[in-house]
Structure formats: C-alpha cells, structure tokens
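Note that the coordinates shown come from a computational prediction; the quantities given were computed from them, not determined experimentally. The analysis underlying the following values was restricted to heavy atoms, covering all of them including side chains, and did not include hydrogens, waters or symmetry mates. The sequence lines fix the lettering, A, B, ..., with proteins before strands; numbering per chain opens at 1.
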Number of protein chains: 2
Amino acid sequence: MSDATSGLTPEELGAYFALVEVANLLQYAVDGHLRAEGDLSYLQFQILATLTDAPGGRLRMTDLADGLVHSRSGLTYQAGLLDKRGLITRAPSPDDERSVMVTVTDAGRALVGRVLPGHVADVRRLLLDPMTAGDLATLNDVLGRVRRHMRATPPRSARPRVKRKN
Amino acid sequence: MSDATSGLTPEELGAYFALVEVANLLQYAVDGHLRAEGDLSYLQFQILATLTDAPGGRLRMTDLADGLVHSRSGLTYQAGLLDKRGLITRAPSPDDERSVMVTVTDAGRALVGRVLPGHVADVRRLLLDPMTAGDLATLNDVLGRVRRHMRATPPRSARPRVKRKN
DNA sequence: TATTGTTATACTCTATAACTATA
DNA sequence: TATAGTTATAGAGTATAACAATA
C-alpha cells in the first residue's frame, strides 16, 4: 500500500498502519475472549463496564451513548439485549420523564467481574508486555494528545440529529 | 471504567483506552470520507490499495485475505462487490487451477487515485498533525514492535479451517 | 487427503426515519 | 419547538458449514 499512499512519508505511513493493525488485532482477540467467557461483544462489555464505574451504577441513555455508539437506535438495541439478559434495568428518570436511567444489576456486575481478569490478561499479554516503561509513558502522552485533538476536531460525529421533513 | 479494570495501572489503562479510541475515531472518520468520495468501505479501500501496490496489481485470494479479513467467505463477498463494480477482475491462476488471481482494473486504480488525496489529508489532519517528529518515531518503533509481537502471538486468528464432520 | 475458493444460510449489527411522550 | 428514547425496517456485513474442483 506504500505507492498508493504516497503523500505520507514511510514513517507516517508506518505509524498509521501499525496503529490501525494493532488496535484491530487487539480488539479482535479481546472480543473473542469476551464472547467465549461471557457471551458479550466488546461494545456490550464497554457498556456494562461504563455503568459499573458510574456513581450508583446508573447513567442516562444519552450519557451512556456518548463515545460508545454512533446512533441512538444502536444503543437502544444493545440495551434491549442486556436488559433481556437481566444485566441492566431501565426506568424513566424521576427528574426528567423523557430520560431513561440505565442501571447495572448485580448480575451485570458479577458478569463484568467474571470476564475482567481474562480481559486484563489479554490486554497485558498482547499490548503491554512488549513495551518498556518508557514506551508506555510516551504512548500514553502521544495518544492522549491525539485523542484530545480528535475529540476537538469534529470528524463527523458532531453531525446533529436530522430534522424531520415537515 | 477505571474501577472495573483494576489490575492495570492508570498509565496502562490510559494507553489501552487511548489506543482503542484513537483507532476507532480515525477509522470512523476515514470510513465516512471513503464512502462519501468513492462509495467504498474502509475494507474495500484496503483491498484495492493492497492490490494497487502488488506487483502487476495481482494477488491470489488467499494472499489478499491475509490480515485484511477473518474468514474466506468474507473476502469472497467483498471481492464479489468490487468485481460487480468493475474495480477488480478474477480469473483462475494458470499455475494452480485451484487459486484465483485478483487483479485491479484501470477503473479500480483510478478510484483509488481519486479518493487517496482526501484519505491522506484525513490521516494527516486527525492523527499526524498533533505529533512531533520525535513522537512519530517513537510511535512507529513501539507500535511496530507490538505489531510483530501480536502477529507472533496467535490470538485466535491462527484458528485453522474447521474440518468437515465426516 | 489437503487446499482453494464459492455458496447457502442464518445471524448480528447498524442506520435512517417515523413516532411517542415530555419539557 | 426541541429533546429523549423507541420502533420499524431495511441493508450491510460476517461466520459456519457444506460443496466442487484441483493438487
């Protein structure tokens, strides 16, 4: 792909491809483990883990969607699956009757606790083991900066909800 | 997600999450651009670009699949779409009649050439701009090492083709 | 028997738009 | 009128297993 992507130096190209491939391999491996251990997709694990860390284990649908998913209906779909399995509950918010509060159940917390050790082991084995402490610090710094930059540079996520035609 | 992922230090956690989020944001943005400019998914772009750089613009299906896709039928499906659009051709290999040689057509090369400037611009703007030359060198080194490690550490991709039941 | 690739099928996931209800 | 969420629907993509053809 080097010729096809001229316009980037070999070093830029290498960093770009390595980043994409490493992230893909990591997610593929980790996803496989989560499905095998807990019948969870990576997204479902992220949802449960996010709730687990939220105060009271509860978040509004909108706040939960943030960063995890690109469409509202996508989250509704996933929440429906988790709800059906008794891993979360949904109830209208007392504050704002339009909102829905999502809460992890004990079963949900238990499942996260069950798959977590293997998940962490995967991340350590695949991603962290071949790094030195210095590598880790640099990666943390650079990728943290890039992440802030990307969040601030609305790619397409900032796309507002499409208006009705009438 | 910090509590839920204890077992990793904050720095390890930060690097892991930053990596996944950066790669996801980048792919989401880039995929959107490729679809808008050339009606191509990221995977389809990767297939065309890989072929474009191959000697003679040709590769066997099996060699093309390597790294891009996780199942054979997945590549057949994508190749079918690209073939239908006249971006590639498929023909049995003269050497080994079992193999299929995939070749980019002129139209395929033209399309890659058309979407490439925008693609490169996206990568530069989102990923590379906030990096110093030193950052780039380090990232290249570390991620390159991690990639080799991951490729050598069969996660689940090494899963051989399942044997028939009889 | 092993390898290459395709196909049939079933399933998961995603996104758009229309819709309801509340603010 | 704007916001929160659901639903209907349709489409894209994926994976497994069975299959045919060649080595």
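- Taking every side-chain heavy atom of S99(B) into account, dT4(C) is the closest of dT6(D), dA15(D), dT4(C).
- Atom CZ of R147(A) and atom CG of L19(B) lie 10.0 Å apart (nearest 0.5 Å).
- Here dT22(C) presents its P atom at 11 Å from CZ of R98(A), a figure rounded to the nearest Å.
- Remark: R60(B) is in phosphate contact with dT4(C), judged by side-chain N or O atoms under 4.0 Å from OP1 or OP2.
- R90(B) places no side-chain N or O within 3.5 Å of a backbone atom of V100(B) that could act as its donor or acceptor partner.
- The distance from the CG atom of L126(A) to the OH atom of Y16(B) is 10.5 Å, given to the nearest 0.5 Å.
- R35(A) meets the salt bridge (charged side-chain N to carboxylate O under 4.0 Å, His left out) test with D31(A); sequence neighbours excluded.
- Without hydrogens or angle criteria, H119(B) side chain to V112(B) main chain gives no donor-acceptor distance under 3.5 Å.
- Rounding to whole angstrom units, CE of residue M61(B) and C1' of dA21(D) are separated by 15 Å.
- A sub-4.0 Å separation between OP1 or OP2 of dT6(C) and a side-chain N or O of R90(B) is present.
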Distances for protein N/O vs nucleotides 8-14 of chain C N/O pairs under 3.5 angstrom?
residue : atom : partner : partner atom : Å
dT14(C) : OP2  : Q78(A)  : NE2          : 3.3

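- One interatomic measurement links the two molecules: NZ of K84(A) to C1' of dT7(D), which rounds to 13 Å at whole-angstrom precision.
- The nearest whole Å value for the distance from the CG atom in D96(A) to the P atom in dA2(D) is 17 Å.
- Under the 3.5 Å distance criterion, the side-chain polar atoms of R85(B) are left unmatched by any main-chain donor or acceptor of G108(B).
- Nucleotide dA4(D) holds its P atom 14 Å from the CG atom of D95(A), rounded to whole Å.
- In this structure, a donor-acceptor pair under 3.5 Å is present between the side chains of T132(A) and D135(A).
- Closest approach to the V100(B) side chain among dT6(D), dA23(D), dT6(C) is made by dT6(C) (side chain taken as heavy atoms from C-beta onward).
- Across the protein-nucleic acid pair, D66(B) atom CG and dT4(C) atom P stand 12 Å apart, rounded to whole Å.
- Between D39(B) atom CG and dG13(D) atom C1' there is a gap of 15 Å when expressed in whole angstrom units.
- Atom-to-atom, CZ of R72(B) to P of dA21(D) comes out at 18 Å; the value is rounded to the nearest Å.
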